[in-house]
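Below is one structure, written out as C-alpha cells; comments come after it.
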Amino acid sequence: MLKKIVAALFTLSSLYHMNGVAKADGLDSLPPDQKALYENIDPAIPLGGTVYKDFVPKRPPPWKIGYASTYAGNTWRANILDEFTNVLLPRYKEAGLVSDLIVTQSDLKDAVQIQQMRQMVDDGVDAIVICCSNITALNKTIEYAHSKGVPVFSVSGYVTSPYAINATENNTDGGYKAAEWLAKEIGEKGNVLMVSGIPGFASSDSFDIGAKNAFDKFPGIKIVGTIAGKWTDQVAQVEVQKFLATNLAEVNGILVQSASENGVVNAVQQSGRDMMPIVLGGEASAACYWRKNPDFISKSFHFWPPRSDARLVWDVMMRTLEGQGPKIQSILRPALPYTIDDVKEVLKEDCDPNSTDWIEPKNNGWWPADVAANYFERPEDPLAWRPKK
C-alpha cells in the first residue's frame, strides 16, 4: 500500500512540474548573467523568494507612498530625494498611479524611523521605501506594515526581514572592485587609507568587508588607517585632514565611500602632500578635479548613483504594487566603471568644483527594462500599466 501511495505522489509531482506549475524561486529563478552578480555578496543578504510574488494591493491606484529616510545631510540624499519628488512623483501622478509621497527623516535614530514608519502605515500609505537602514532593527515594524497590506522596499542597504524587498547595490562586490583597482593603480604595494561611510550600516560595512578581502590578495598593500567619513564631504574633509596632519606615514592611495570623495580630494590638496589615486564614486565635484587633471586616475566606479538608485527602487515598488510578482527578495546591482571620457561627456573643463550633482550611468545602465524583466514573473512597463477592469 505504501509503495502505491509513493508512486501516486511521484506521478502527481511529475505532472505538476511538466505542466509548468512549479517554478524556481529566489536566486535560482534568475538567468545566468544576473545570477553571476550574486557571487561576491554579504552572506546575510536574503536571496530567497518573496511573499509578494502574488501580492494584491489593498486598494487600486492612485497609491500613496511613504519614504522613511535616515539622513538628509549629503549630496547623495539630496539627489535621491529630488529624483523622487521632482521627477518620479510627477510622472506617476500624471499617469494616475501615485497620489502623494510622504517623506520623513530620522537623523540616524532607529527608534525615530520605526515610529515614523508605523505612523505612515496607520495614516494609510500603500508602500514604504526605506533608505540605508539597520539590517535588523526595523524588522518588527516591517512585519507590522506587511500585516496591514503595506510592502516595504529597502534602497542602498538591505534588511533581513522576509516581509521586505531589497533593491540595492552589491556593496561587498563594489568594495572588492574598488580595492582591487586601487591596489593595482598604485603598483600593488604601498599604504592605503580607508574612508568608510557610517560604521554599523549595511552599505558601509559590506563595502569595507569587500575592500579588505581584496586588499588581502596583495601582500604589498598595508591599510594604515580607517576613518568614518559618514558619506558626507564636510565630515570626510575634516577627518582626513586630521589623519594626514597627525600621521607622518606616506599614503599612496585612498579608498573612499561616496558621498565624501570631494571632501577627501580637498583635504589632500590642503595638506600639502602630493595627490595620490583616490577612488571616486560619482560626485560631480570630485569628477571636476579629474576633468581638470585627466591623468589623476585611470577609471572609477558608479557604486550607488543616487538618481539611478531612486529609479531602481521606485520601479521595483511600482511593479510589485501592480502585481508583477518579484522573484527574489534582494535585487542587487553591480558597480559600473566609468572613465575620463565619460566625465568629459557631461562636464565641461570649466566645471564647478563645488557642484552638488552626480554623474550617473549612461542610457539607464543601472536598471534597464530588459534586465528588470528578469526579476518579475509577469513583467510589463510599470508606467504604462493600468488596472484590469
Side-chain angles (χ1 to χ4, degrees), residues 71-79 175 178-179 181-183 185-187 189-199 204 207-208 211 215 221-306 338-340 342-344 346-359:
Y71 180 59
N74 63 24
T75 61
W76 189 93
R77 303 296 183 120
N79 275 259
W181 168 81
L182 183 60
E185 189 83 350
I186 64 176
K189 61 181 179 180
N191 295 333
V192 169
L193 173 64
M194 290 182 59
V195 182
S196 299
I198 300 177
S204 181
F207 192 96
D208 282 354
F215 283 141
I221 295 293
K222 180 181 179 182
I223 300 173
V224 293
T226 301
I227 61 176
K230 297 188 176 179
W231 298 315
T232 305
D233 285 310
Q234 296 87 340
V235 174
Q237 183 168 340
V238 170
E239 294 304 318
V240 172
Q241 282 175 328
K242 287 181 185 176
F243 181 90
L244 296 178
T246 56
N247 292 271
L248 300 180
E250 182 179 12
V251 176
N252 305 103
I254 303 180
L255 188 149
V256 188
Q257 291 190 30
S258 294
S260 53
E261 64 259 36
N262 195 52
V264 174
V265 169
N266 290 338
V268 174
Q269 288 181 295
Q270 293 169 10
S271 72
R273 298 195 188 204
D274 291 336
M275 184 61 71
M276 69 288 289
I278 298 172
V279 174
L280 304 187
E283 283 192 301
S285 50
C288 183
Y289 176 85
W290 190 11
R291 177 70 173 83
K292 296 175 185 291
N293 301 272
D295 295 328
F296 166 43
I297 50 177
S298 63
K299 68 176 181 181
S300 204
F301 301 88
H302 299 291
F303 298 112
W304 38 69
Y338 67 97
T339 68
I340 187 61
D342 297 317
V343 173
K344 288 178 178 178
V346 294
L347 296 182
K348 297 180 180 178
E349 196 167 359
D350 63 347
C351 53
D352 181 4
N354 298 306
S355 172
T356 58
D357 292 334
W358 281 60
I359 294 173

Item to check | Non-hydrogen side-chain atoms of Leu182 and Val192 separated by less than 4.5 Å | outcome: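 SC-SC contact between Leu182 and Val192 confirmed.
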
Checklist entry - Hey, are the side chains of Ser260 and Val235 touching, using non-hydrogen atoms and a 4.5 Å cut-off? => result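 Side-chain contact under 4.5 Å: no.
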
Heavy atoms only: give me the nearest [X]-[Y] pair and the separation to one decimal.
X: Pro277; Y: Ile186; value: CG-CG2, 3.8 Å
X: Ala236; Y: Val195; value: CB-CG1, 4.3 Å
X: Lys230; Y: Ile198; value: CA-CG1, 3.8 Å
X: Leu347; Y: Arg291; value: O-NE, 2.9 Å
X: Tyr338; Y: Gly282; value: OH-N, 3.3 Å
X: Val224; Y: Val251; value: CG2-CG2, 4.5 Å

Checklist entry - Pairs in or reaching into residues 261-289: which pass salt bridge (charged side-chain N to carboxylate O under 4.0 Å, His left out), with residues at least two apart or in two chains? => result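 Found none.
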
To the nearest 0.5 Å, what is the distance between [atom1] on [X] and [atom2] on [Y]?
X: Cys288; Y: Glu349; atom1: SG; atom2: CD; result: 9.5 Å
X: Gln269; Y: Tyr289; atom1: CD; atom2: OH; result: 5.5 Å
X: Lys189; Y: Asn252; atom1: NZ; atom2: CG; result: 10.0 Å
X: Ser285; Y: Trp290; atom1: OG; atom2: CH2; result: 13.5 Å
X: Asn354; Y: Asp233; atom1: CG; atom2: CG; result: 9.5 Å
X: Leu193; Y: Ile254; atom1: CG; atom2: CD1; result: 5.0 Å

Using a 3.5 Å cut-off and no angle test, enumerate the donor-acceptor pairs between side-chain atoms of residues 294-301 and protein atoms at least two apart in sequence or in another chain.
from   : atom 1 : to     : atom 2 : distance (Å)
Ser298 : OG     : Trp181 : NE1    : 3.0
Ser298 : OG     : Glu185 : OE1    : 2.8
Ser298 : OG     : Glu185 : OE2    : 3.3
Ser300 : OG     : Leu280 : N      : 2.8
Ser300 : OG     : Leu280 : O      : 2.2

Checklist entry - Would Gln257 and Trp304 count as a side chain to side chain contact (heavy atoms under 4.5 Å, CB included) if you check the C-alpha gap in whole Å, the side-chain angles of each, and the deciding distance to 0.1 Å? => result CA-CA 10 Å; Gln257 291 190 30; Trp304 38 69; 3.7 Å; yes

For residues 238-249, tabulate all N or O donor-acceptor pairs below 3.5 Å that involve a side-chain atom, not counting sequence neighbours.
from   : atom 1 : to     : atom 2 : distance (Å)
Gln241 : NE2    : Gln270 : OE1    : 2.4
Thr246 : OG1    : Lys242 : O      : 2.7
Asn247 : ND2    : Phe243 : O      : 2.9

Report yes or no: does [X] contribute a side-chain atom to a donor-acceptor pair with the main-chain N or O of [Y] at less than 3.5 Å?
X: Thr232; Y: Gln234; result: no
X: Asn79; Y: Pro305; result: no
X: Asn74; Y: Trp231; result: yes

Checklist entry - Would Trp76 and Ser258 count as having a side-chain donor-acceptor pair, cut-off 3.5 Å? => result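 Absent: no donor and acceptor within the cut-off.
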
Checklist entry - Should we say atom NZ of Lys222 is surrounded by more than 12 heavy atoms from elsewhere, each under 6.0 Å from it? => result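 12 or below, so no.
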
